[in-house]
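Keep in mind the model is a prediction, meaning the values are calculated, not measured. So that the names make sense, note that chain A is the first sequence line, chain B the second, and so on, each numbered from 1.
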Protein chains: 2
Amino acid sequence: MNNINEKSSYHHGDLRETLLIVATEMLQENGINEVSLRKLASRVGVSRTAPYHHFKDKNALLCGMAEKGFEQLHQINKCGYEDEELSIREHFYRFIHDYIQFAHNNPDLYELMFGRTIWKDKSSTQELRDSAYPCFQFQVAMTQEWQKKGLFNVDDNALRVSQVLWGTVHGIAKLFIDGIYTDNSKIEEICDYAVSMFLAKSKEN
Amino acid sequence: MNNINEKSSYHHGDLRETLLIVATEMLQENGINEVSLRKLASRVGVSRTAPYHHFKDKNALLCGMAEKGFEQLHQINKCGYEDEELSIREHFYRFIHDYIQFAHNNPDLYELMFGRTIWKDKSSTQELRDSAYPCFQFQVAMTQEWQKKGLFNVDDNALRVSQVLWGTVHGIAKLFIDGIYTDNSKIEEICDYAVSMFLAKSKEN
DNA sequence: TATCTTAACTTGACGGTGTCAACTTTGGTT
DNA sequence: AACCAAAGTTGACACCGTCAAGTTAAGATA
């Protein structure tokens with residue numbers, strides 16, 4: 001039954017997963033405006049309302065897509081963090097760089113993940129929150145580690161410090177991917193500036 | 001003819017301006033999803049397609065709304081900058097604070113102004129760019145002034161420095177208004193942290 | 001004053017969208 | 001063998017943005 005080539009034709013087999021994948025493809029190809037349930041269904045080869053057996057409504061589908069985005073981002077953060085060969089300062093640079101690179105590589109997905117559509121009011125699903133909050137908390141944990149290692153003042157509130165740091169990468173990423181920076185700025189150069197502006201006081205690292 | 005109370009009924013008199021105002025009201029009341037040309041027209045008391053004589057399409061209307069937003073933000077920046085009674089450090093704090101406060105007071109407008117909808121590809125109108133770029137450039141100019149006054153290294157590229165600063169406020173603002181910060185953090189405290197993290201090395205100001 | 005031009009506004013129509021209700025098919029359980 | 005619940009279907013509805021063709025009225029021209 002899990003044989004993909006077998007034409008069971010009526011029951012799809014793994015429609016929920018397929019919908020998420022194809023919808024994300026459509027998002028990356030043509031932006032959020034071109035993601036419609038009807039086009040998605042037709043592209044997957046299924047009727048208009050079939051998706052409703054797997055997602056309560058369109059918002060739930062979008063939340064599902066964002067959910068996977070947060071898992072990716074969390075994974076990227078983890079990989080950078082667990083690299084033993086880097087100095088603290090390099091760790092910090094890598095966090096900033098990888099984060100902005102992720103946004104740059106997946107602009108529409110990133111916009112979806114952090115946009116108002118999904119988060120305002122109470123429209124975010126529980127699953128989305130369960131996926132996103134650990135990702136946020138990991139960034140707080142990294143900040144605490146950086147504080148311990150001397151990159152930032154240990155006495156400062158780690159949550160606040162990480163909010164400022166995260167704000168910075170988030171802001172740069174968004175301005176970057178939305179094409180608001182007028183020149184075709186190099187990611188690496190901006191990251192260098194961000195790092196040096198935060199760490200100018202602790203050159204010993 | 002400009003008499004508002006006079007029921008000329010067929011010709012509105014100042015429809016373009018009224019549309020922008022009412023659309024922005026609708027945006028602030030119920031978010032971008034509730035802003036439709038048809039509801040807007042009906043609320044203004046005009047037929048469905050009347051707006052098309054003043055805006056090429058919906059995107060042009062949205063650009064018009066964002067345009068006004070950038071004029072407001074530019075004005076706020078100017079006001080803070082021209083306040084003679086503040087020290088440099090206070091100027092810097094005020095810039096950050098006022099910016100985030102603006103976003104906090106007008107969350108949906110802010111999302112519109114900086115969102116992908118309007119900026120991606122070539123969908124931004126010339127008028128929007130004419131309104132937004134001076135606002136951006138003013139921030140670069142402020143940064144140069146801060147560099148001269150010793151807040152930041154004069155040798156650094158002003159554009160890059162301002163991109164990082166602007167990224168920070170933009171990112172904090174967005175995370176704030178989208179309700180992604182889990183606790184209802186005080187704006188002032190976050191601004192304090194942002195200022196001190198950038199200026200820790202130059203305490204003399 | 002009479003006529004003409006044209007911008008502002010209207011109605012009708014089309015294809016696309018999210019979503020609901022009612023129906024059919026199917027795989028697995030009793 | 002009978003049944004049930006999950007998965008998928010078709011039809012319908014109320015919206016939406018936008019185009020084409022027609023109407024109204026304000027202001028310039030003569």
- Item | Main-chain N/O of A:Arg89 paired with A:Trp146 side-chain donor or acceptor, under 3.5 Å |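 Side chain of A:Trp146 to backbone of A:Arg89: no pair is present.
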- Message: With a 3.5 Å cut-off and heavy atoms only, can you find an N or O donor on one side and an acceptor on the other between the side chain of B:Thr49 and the base of C:dT11?
- Response: yes
- Query: Hey, is the side chain of A:Arg48 pairing donor to acceptor with the base of C:dG18 inside 3.5 Å?
  - Reply: no
- Going by an N to O cut-off under 4.0 Å, is there a salt bridge joining B:Glu25 and B:Arg43? yes
- Query: Hey, are A:Lys149 and A:Glu145 close enough for a salt bridge, meaning a charged N less than 4.0 Å from a carboxylate O?
  - Reply: yes
- Scan B:Ser47 against the nucleic acid and name what it touches under 4.0 Å (heavy atoms): base, sugar-phosphate only, or nothing. base
- Apply salt bridge (Lys or Arg N to Asp or Glu O under 4.0 Å) to B:Arg16 and list each qualifying residue two or more places apart in sequence or on a separate chain. none
- Message: Please determine whether a side-chain nitrogen or oxygen atom of A:Lys39 lies at a distance below 4.0 Å from atom OP1 or OP2 of C:dG16.
- Response: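 No, because none of the side-chain N or O atoms of A:Lys39 sits under 4.0 Å from OP1 or OP2 of C:dG16.
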- Which class fits the ring pair A:His170 and A:Phe114: parallel under 30°, tilted 30 to 60°, perpendicular over 60°? tilted
- Message: Classify the ring geometry of B:Tyr81 against B:His91: parallel below 30°, tilted from 30° to 60°, perpendicular beyond 60°.
- Response: tilted
Please state how far atom [atom1] in [X] lies from atom [atom2] in [N], giving the value in whole angstrom units.
X: A:Lys56; N: D:dA7; atom1: NZ; atom2: C1'; result: 20 Å
X: B:Arg16; N: C:dA7; atom1: CZ; atom2: P; result: 16 Å
X: A:Asn59; N: C:dT19; atom1: CG; atom2: P; result: 9 Å
X: B:Tyr52; N: C:dA8; atom1: OH; atom2: P; result: 17 Å
X: A:His53; N: D:dA7; atom1: NE2; atom2: C1'; result: 6 Å
X: B:Arg38; N: C:dT11; atom1: CZ; atom2: C1'; result: 11 Å
X: B:Leu40; N: D:dG17; atom1: CG; atom2: C1'; result: 13 Å
X: B:Asn33; N: C:dG18; atom1: CG; atom2: C1'; result: 12 Å

- One would report the end-axis bend of the helix from C:dT1-D:dA30 to C:dT30-D:dA1, five pairs per end and rounded to 10 degrees, as 10°
- A:His54 side chain, from C-beta outward: closest of C:dC9, D:dG17, D:dA7: D:dA7
- Query: Does a side chain donor of either B:Asp156 or B:Gln147 reach within less than 3.5 Å of an acceptor in the other side chain?
  - Reply: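 Their side chains do not contain a donor-acceptor pair, so the 3.5 Å distance test is not met.
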